[in-house]
Every structure is written in C-alpha cells, then in structure tokens.
Amino acid sequence: MSAPGEPDRRTLMEFTSDNAYGVSPEMLAAIAEAASGPAASYGADPITGGLAQKFASVFEHEVAVYPLISGTAANALALSTITPPHGAIICHELSHISVDECGAPEFFTHGAKLVALAGSGGKISERDVGAALLRYRKGDVHQVQPMTISISQSTEFGTIYKPDEIRAISGVARRNNMKLHMDGARLGNAVAGLACSPADITWRVGVDVLSFGATKNGALGAEAVLFFAPEDVADFEFRRKKAGHLISKMRFVSAQLEAYLAEGRWLKHAGHANRLARALADGLTGVPGAEIAYPVEANEVLVRLPDPMIARLRAAGARFYDWSPSSNGRTLIRLVTSFASSEDSVQRFLSLARK
Ligand SMILES: Cc1ncc(COP(=O)(O)O)c(C=O)c1O
C-alpha cells in the first residue's frame with residue numbers, strides 16, 4: 001500500500017526496470033519459513049545443500065551452485081575465476097559488465113581487459129568475435145590474451161541469443177581455448193521467450209559459467225553463479241570470501257532460489273513479463289511516430305517515440321528511462337515489464353500513447 005496522498009504503487013505505469021517491482025509472495029513466504037529456526041551458517045545449511053540437485057534437475061546437468069546477492073558480484077566473481085589478470089574478456093560494448101558495473105570485472109580479475117564489440121540489438125556475433133581475435137597474438141607478452149567471451153541472455157536490448165548463435169560463439173571460444181560466460185540476469189525471460197529447456201541455451205551449446213539471476217524476476221535479492229564443469233570452479237570459493245560475498249545467513253538467499261525454481265515459478269513469472277512487453281510492442285506498432293527499435297523477444301521494449309508523446313506519458317505518471325538523447329524530435333526509450341506488472345498499466349500506457 002502507498003502512503004495517503006501518494007499514487008497507488010500497484011497501479012503505477014512503472015516501466016523503468018524489473019528491479020523496481022517487489023517480491024513474489026511465494027518467495028517472501030520461503031524466506032519466512034527459513035527463518036523459523038536455527039541453521040548452519042555460510043552455506044552449510046540444508047536448503048543451500050539441496051540447491052545443486054534442484055538446479056541439476058532444471059538444467060539436466062550436474063552443476064556447482066553458489067548463491068550471491070547481486071548480479072554484479074556474480075558476473076565479476078565468475079569472470080575473475082576464468083580469466084587471469086593478463087586476460088581479455090570479449091563482450092558487447094553496451095553489456096552490463098562493460099557499462100554498468102563500475103569496472104567490477106576489471107577490479108576482481110585484477111586488471112583483465114574488456115574488449116567491447118559493437119553489435120545490433122545487444123548481441124555480438126561469431127564473425128565479429130573471430131575478427132576481434134585476429135588483433136591479438138597468442139603468447140605475445142606485450143598483449144592481453146583473450147581468455148573469455150561473455151554474452152547476456154536475454155540481452156540489455158530485450159533480444160535473445162538463439163541456440164545456434166550461442167553454439168557458434170562457443171565454437172570460437174573452444175577453437176581458441178577460451179571460456180564462455182553468460183550473464184543470465186534475465187535468463188528466465190530468455191527461456192520463457194524461446195520456450196526451450198534452460199540446457200538448450202547454456203551448457204548444451206557450450207556455456208561454461210552462468211550468472212543466474214532471480215532478483216529481477218521476483219526474488220528479494222538472489223543470484224547465483226553456476227559452473228557446468230567442476231574443474232572450472234577452481235579457486236572461486238576463496239575469491240567469493242575475499243570479496244566479502246560469502247553470505248553468513250546464506251539460507252535466506254538459497255530459500256529464494258529454491259522457491260524460484262519450484263513449480264516452474266521462474267518461467268511463469270518471466271512468461272508474464274514477456275507477454276506484457278509483447279502487448280506494449282504490439283500496441284505501439286502503428287501509433288504515429290512510434291518505432292520499435294529492436295525485436296521484442298523478452299521483457300524489454302526499446303522504442304522511439306515523439307518527444308511530445310513522451311512528455312504527455314510522463315505527465316500522466318508513466319515511468320521509464322530515456323535510452324539515448326533526443327534526435328529529430330524523437331527519443332529512444334526503454335520500457336521494462338516484470339513478473340508483477342499489470343495488464344491495466346500496459347493498457348493505460350497504450351491509450352495515452354494513442355491520444
Ligand atoms: C544484464 C544485467 N546483468 C546484471 C545485472 C545485475 O546487476 P546488479 O548488480 O544490480 O544486481 C543487471 C541489472 O540491471 C543487468 O541488467
């Protein structure tokens with residue numbers, strides 16, 4: 001509920017971020033249930049102990065699971081485990097690791113270089129990765145050594161890598177003795193969008209290490225690093241502790257992850273968010289001056305709208321971010337839907353846009 005005189009938070013046209021939304025009741029209940037008695041600390045509790053098996057059944061593969069509380073920590077710790085200080089990490093120029101983590105990957109790797117590539121819709125291609133690798137001479141002490149490729153799924157632009165695209169990128173990684181990391185802060189939206197098995201867009205197509213996100217899709221604060229090969233875990237546990245991310249009451253993070261996977265909840269949540277993004281995109285298509293900028297495949301819509309329309313929407317209470325500065329009277333904005341976005345907020349946004 002909102003304070004008297006404030007807008008009702010449940011009906012806001014809130015499209016800034018999936019992080020702006022609350023916590024799913026089932027996941028809150030799981031935290032409350034985990035709080036009912038004492039349990040061993042630092043991940044030695046039974047809920048954390050059961051996660052590997054639960055993730056293994058969802059991913060159809062044995063997996064080492066490390067709960068964390070931020071996506072930045074997941075990315076930075078995962079990348080630092082597979083990339084030495086003299087390494088290079090190939091990624092998209094507008095990926096979260098490149099532009100939104102304050103240099104955490106560079107910091108945690110002790111100075112590995114991010115090699116940021118252009119690419120439409122937030123995706124890098126096998127061809128561009130191959131071309132970038134040609135600039136580096138293997139074993140040349142004067143150059144960083146490409147060790148890792150990192151891709152986001154779904155991307156920061158609301159697009160999705162198809163299994164074949166990931167396989168092609170992991171092929172480049174394999175041929176060059178590199179590892180493939182996936183930033184899956186929105187993995188659920190990708191799995192729901194493709195209606196595939198999580199395996200089909202991860203280990204089965206060559207992903208080695210996954211940052212698995214739940215916070216944006218209904219958790220209070222729960223992420224995890226997943227390693228699909230035990231040898232890749234290497235010194236991760238020491239890195240996690242040294243970075244201050246070995247959580248003493250880990251059971252509360254683990255309880256969220258358990259509830260997230262249970263009964264396919266993560267995919268139901270993501271499917272709802274994706275459907276509303278689709279509804280926004282369909283509704284905006286045909287509105288004079290509106291131009292959908294990238295394929296809407298997950299829960300984000302990047303759309304150019306006329307500046308007066310943007311002002312009208314904001315004046316009526318709609319919230320969203322500008323994604324690039326105004327140009328020729330239009331601005332690219334980003335609309336993000338979540339597990340708790342309402343159909344009503346979408347319809348009100350659309351009717352305001354059509355006015
Ligand atoms: C693609 C992507 N990766 C990772 C994150 C994780 O960020 P945080 O450290 O805020 O949990 C985000 C959050 O916006 C994101 O969009």
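Given the structure is predicted, the values throughout are model-derived calculations rather than measurements. Counting convention: from 1, in listed order, for ligands and their atoms alike.
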Checklist line | Enumerated ligand 1 atoms positioned under 4.0 Å from heavy atoms of G71 | finding: 6 (C), 8 (P), 9 (O), 11 (O)
Note to self: Please work out, at 4.0 Å between heavy atoms, whether the side chain, the backbone, both, or neither of E223 comes within that distance of ligand 1.
What the structure shows: neither
Note to self: Go through it in stages, so that I can follow the logic: the residues are E300 and R186, the test is salt bridge (charged side-chain N to carboxylate O under 4.0 Å, His left out), and I'd like the CA-CA distance, side-chain angles, deciding distance and then a yes or no.
What the structure shows: CA-CA 10 Å; E300 299 183 57; R186 296 190 179 88; 3.2 Å; yes
Next item on the list: Would you mind telling me which of E223, Q153, H181, H96 makes a side chain to side chain donor-acceptor pair (under 3.5 Å) with S211?
Entry: H181
Notebook entry, point to check: Which ligand 1 atoms does E156 reach within 4.0 Å, using its non-hydrogen atoms?
Noted result: 1 (C)
Note to self: Heavy atoms only, cut-off 4.0 Å: how does D183 contact ligand 1, side chain, backbone, both, or neither?
What the structure shows: side chain
Next item on the list: Quick one: look up the protein heavy atom nearest atom 10 (O) of ligand 1 and list residue, atom name and how far away it is.
Entry: T72 OG1, 4.4 Å
Next item on the list: Might you confirm whether atom CG of D235 has over 12 heavy atoms from other residues, nucleotides or ligands at distances under 6.0 Å?
Entry: yes
Item checked: Value rounded to 0.5 Å, distance of CZ in F349 from CG in L280 -> 6.5 Å
Next item on the list: Keeping the roles fixed (side chain from H269, backbone from N217), state whether a donor-acceptor pair exists under 3.5 Å.
Entry: yes
Notebook entry, point to check: Under the side chain to side chain donor-acceptor pair (under 3.5 Å) criterion, do E14 and T16 qualify, and how do the steps go?
Noted result: CA-CA 6 Å; E14 175 60 73; T16 52; 2.3 Å; yes
Check: How far is atom 7 (O) of ligand 1 from its nearest protein heavy atom, and which residue and atom is that?
Finding: H96 CE1, 3.3 Å
Note to self: If the cut-off is 4.0 Å to any non-hydrogen atom of R186, which atoms of ligand 1 fall inside it?
What the structure shows: 16 (O)
Next item on the list: Please could you name the atoms of ligand 1 that K216 approaches to less than 4.0 Å, counting only its heavy atoms?
Entry: 12 (C), 13 (C), 14 (O), 15 (C), 16 (O)
